[in-house]
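I have placed the structure first, in the form of structure tokens, so that the comments after it can refer back to it.
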Amino acid sequence: MVRERLISLDVFRGLTILLMTIVNNPGDWGNVYPPLLHAHWNGCTPTDLVFPFFIFIMGVAVPLAMPEKKYDETTFNKILIRSLRMFCLGIFFNFFGKIQLFGLDGIPLLIGRLVITFAVGYALMGSFSTRLKNIFAFGILAIYLILAYGGFENYQDVRLPGVLQRIAVVYFVISLLYLKTSRKTQIITGAILLLGYWAVMTLIPVPGFGEANLERGTNLAAWVDSIFLKGHMYHETNTWDPEGILSTLPSIVNGIIGLFIGQILFLNLTKIQKAQRMGMIGTALIFFGLIWDLAFPINKSIWTSSYVLYTTGLATVCLTALYYIIDIREYKKGFKLFVIWGVNPMIVFFASQIIPQALVLIRFQHPSLPGEQINLLDYLYRFGIAPFFSNPMTASLAGALTYVAIWTFILWIFYRNKLIFKV
């Protein structure tokens, strides 16, 4: 059974990954327009939509990737290995800046790190036999764990959670749900996860802190992270992780709702009927998310249940609009850019995290401050972009857009040559 490619989903994915690239790569982190920053705690900015949108899109894509619900050992292995490959790619970002090789420093060390990056990227995104994929995925994961917990000084505080790691966990769970359960069971599972997370976070006292609370660093999710991820969390939060263990549970529901929408798209209905149903679901999710916000505030850092409903509602409405414009009205002009971005998200995820780290490691004499050094990333921005703008926030945005333009050229070459990088 072959299903028609959903161009609107490619466009939506491209928009999301492009926005991710913009918000993750400002020219100057000290001067960023507020909508391009995460909410400080409660609330939701456009930047806070990127991650849940991507999980939702992945959920929609699952039925397209597995049009026949055939579950066997081979299918399970494919899902497991794909999840592990994503998980390992995500962890590598955190190891890159800590790699040490035979006492090397400067450019030689950078070259060594880039060689290892290429080897890991090829092992986790290359096309191999199932046996080799298994060996590479489990082998690389084992190396990570040995380095993190084996008493090696350079890696004793390396972060283990992350964006791709959470996506990998969600993909594994929702793929099995799709293959093994009905849509009714999927909805019930999502409801249990959201209500259960709300109950756990608001009713269970936090050891060492007292009553249940939803504050930064003292809530139950933070306590769980401090127990099971001690020393291996996001350096800016230190005692808890925004992609931690407990808060991953409600994020699964972003994928489940995406899964539900993906199955609606292939019901025996007209395209208009599908769009109407999706639009109503999206509007209802936004409404209930805003209502729940009154008791369980919308919050990305602890991924509250209201945040799940609100963001998946917005994602559903966005996809519905694109579906109507592109797949129903068949108006496709002006969307090619986003298709180019949307068909190759994994290489952007991987390489765009590595490139800035690599540029920071290239240091040389500051051209206007004797005795001072400057890294290549700062140099390119300070002397190649910032002087052309009077507003530092606009200059910072221009830096991000320049990076997007470079990636657009790279992705266009990949697109023309039909090069798609997958895990």
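No experiment lies behind these values; they were computed from the predicted model shown.
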For [X] and [Y], does a side-chain donor sit closer than 3.5 Å to a side-chain acceptor?
X      : Y      : answer
Thr304 : Asn299 : no
Trp407 : Thr21  : no
Asn77  : Thr74  : no
Gln186 : Gln263 : yes
Tyr381 : Ser396 : no

Determine yes or no for a side-chain-to-main-chain donor-acceptor pair under 3.5 angstrom, with [X] supplying the side chain and [Y] the backbone.
X      : Y      : answer
Asp293 : Gly289 : no
Gln156 : Phe152 : no
Gln365 : Glu372 : yes
Asp225 : Thr239 : no
Ser305 : Leu194 : yes
His366 : Ile374 : no
Thr237 : Tyr234 : yes
Arg13  : Asn344 : no

Tyr379 and Phe364 aromatic ring geometry - parallel, tilted or perpendicular at 30°/60° bounds: perpendicular
Anything under 30° is parallel, anything over 60° is perpendicular, the rest tilted; go ahead and classify Phe92 against Tyr144. tilted
Distance col, row Leu319:CG vs Asp327:CG, nearest 0.5 angstrom, shows 8.5 Å
Side-chain touch [X]/[Y], heavy atoms, less than 4.5 angstrom:
X      : Y      : result
Pro26  : Leu397 : no
Thr312 : Ile261 : no
Ile57  : Leu9   : yes
Leu37  : Thr45  : no
Leu259 : Val60  : no
Val423 : Leu124 : no
Lys422 : Ile420 : yes

Does the ring-ring contact (aromatic ring centres under 6.0 Å, His included) test come out yes or no for Tyr171 and Tyr178, once each step is laid out? CA-CA 10 Å; Tyr171 170 76; Tyr178 168 68; over 10 Å; no
Closest non-hydrogen atom pair, [X] against [Y]:
X      : Y      : value
Ala315 : Phe56  : CB-CD2, 3.5 Å
Ala358 : Phe96  : N-CE2, 4.1 Å
Leu15  : Leu322 : CD1-CD1, 4.2 Å
Pro46  : Pro35  : CD-O, 3.6 Å
Ile281 : Ile264 : CD1-CD1, 3.4 Å
Thr402 : Ile385 : OG1-CD1, 3.7 Å

Under the ring pair (Phe, Tyr, Trp, His ring centres under 6.0 Å) test against Phe421, which residue among Phe349, Phe414, Tyr415 passes? Phe414
Looking only at the aromatic ring of each residue, does the gap between the centers of [Y] and [X] stay below 6.0 angstrom?
X      : Y      : result
Tyr155 : Tyr149 : no
Tyr310 : Phe287 : no
Tyr307 : Phe296 : no

Taking side-chain contact (heavy atoms from CB on, under 4.5 Å) as the criterion, tell me which of Ile298, Val308, Leu309 meets it with Trp292. Leu309
Given Pro52, which partner from the list Thr16, Val253, Asn254 fulfils the side-chain contact (heavy atoms from CB on, under 4.5 Å) test? Asn254
Sole candidate of Lys230, Arg166, Arg159 that passes salt bridge (charged side-chain N to carboxylate O under 4.0 Å, His left out) when paired with Asp241: Arg159
Please assess Ile362 against Ile107 for the test side chain to side chain contact (heavy atoms under 4.5 Å, CB included), listing each intermediate value before the final yes or no. CA-CA 7 Å; Ile362 301 174; Ile107 299 300; 4.0 Å; yes
Does the pair Leu220 and Val200 meet the rule for a side chain to side chain contact (heavy atoms under 4.5 Å, CB included), with working shown? CA-CA 8 Å; Leu220 190 65; Val200 163; 3.2 Å; yes
Steps toward ring-ring contact (aromatic ring centres under 6.0 Å, His included) verdict (Phe53, Phe12): CA-CA 9 Å; Phe53 274 22; Phe12 191 22; 5.4 Å; yes
Trace of the side chain to side chain contact (heavy atoms under 4.5 Å, CB included) decision for Tyr197 with Leu246: CA-CA 8 Å; Tyr197 185 65; Leu246 194 58; 3.9 Å; yes
Sequence neighbours left out, what pairs pass side-chain hydrogen bond (donor to acceptor under 3.5 Å, both in side chains) with at least one residue falling in residues 103-125? none
Chi angles and distances behind the side chain to side chain donor-acceptor pair (under 3.5 Å) call for Thr408, Trp341: CA-CA 7 Å; Thr408 299; Trp341 275 78; 3.0 Å; yes
Test Ser352 against Tyr403 for side chain to side chain donor-acceptor pair (under 3.5 Å), laying out the working first. CA-CA 9 Å; Ser352 69; Tyr403 191 59; 4.9 Å; no
Does Phe51 form a side chain to side chain contact (heavy atoms under 4.5 Å, CB included) with Glu243? I'd like the steps, not just the answer. CA-CA 11 Å; Phe51 194 0; Glu243 278 79 55; 3.8 Å; yes
